[in-house]
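What follows is a short report on a single structure.
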Amino acid sequence: ALPKLTAANPQAKALAYTENAAAVKHPVFKPGSNCANCTLYKGANGQAYGPCTLFPQNTVAAKGWCSAWAKKA
Ligand code: SF4
């Protein structure tokens, strides 16, 4: 399995990635948004972590968030 994304990844840090969307206080954060409902998230429903198109070397948290979030269609 791919390693979990952390802020040690410069792109993750630049995009303010966090595993806890509930605690985000970022200017572009939209309430209720998280990786699981982001169009770039490719994880299976019900899984805690899954792949993200933006971070091909890692998995991201379903309950996570970053500032590249875009609503799943
Ligand atoms: Fe999560 Fe979407 Fe950011 Fe990927 S692009 S880390 S799925 S919010």
Side-chain angles (χ1 to χ4, degrees):
L2 294 170
K4 292 174 185 173
L5 185 65
T6 72
N9 177 312
Q11 188 182 6
K13 196 170 181 200
L15 293 174
Y17 172 76
T18 171
E19 292 203 342
N20 184 9
V24 173
K25 310 235 185 288
H26 191 285
V28 305
F29 179 75
K30 293 184 174 66
S33 63
N34 56 38
C35 291
N37 59 28
C38 174
T39 191
L40 298 177
Y41 187 70
K42 304 302 172 195
N45 283 344
Q47 296 287 311
Y49 288 82
C52 163
T53 307
L54 203 57
F55 297 101
Q57 309 304 322
N58 296 98
T59 56
V60 299
K63 292 179 177 171
W65 181 88
C66 88
S67 59
W69 181 86
K71 188 173 167 44
K72 198 184 285 262

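In listed order, ligands and their atoms are each counted from 1. Reckoned from all heavy atoms, side chains included, excluding hydrogens, waters and symmetry mates.
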Check: So, do E19 and K4 sit near enough that their side-chain heavy atoms are less than 4.5 Å apart?
Finding: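 Yes. Closest side-chain heavy atoms under 4.5 Å.
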
Item checked: Student check: side-chain heavy atoms of L15 and F55 closer than 4.5 Å -> yes

Next item on the list: Identify whether Y41 and W69 are in the same connected component of the hydrophobic contact network (ILVMFWY, side-chain heavy atoms under 4.5 Å).
Entry: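 In one cluster: no.
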
Notebook entry, point to check: Do the side chains of Y49 and V60 join up, straight or via other hydrophobic residues, at under 4.5 Å, putting them in one cluster?
Noted result: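 No, Y49 and V60 fall in different hydrophobic clusters.
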
Note to self: Given 3.5 Å as the limit, does a donor-acceptor pair link the side chain of N37 with the main chain of N34, or not?
What the structure shows: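 Looks like yes, one N/O pair under 3.5 Å.
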
Margin query: Please give me the protein atoms (N, O or S only) lying under 2.8 Å from atom 3 (Fe) of ligand 1, ordered by chain and number.
Written below: C66 SG

Check: Between W65 and F29, how do the two ring planes meet: parallel, tilted or perpendicular, split at 30° and 60°?
Finding: perpendicular

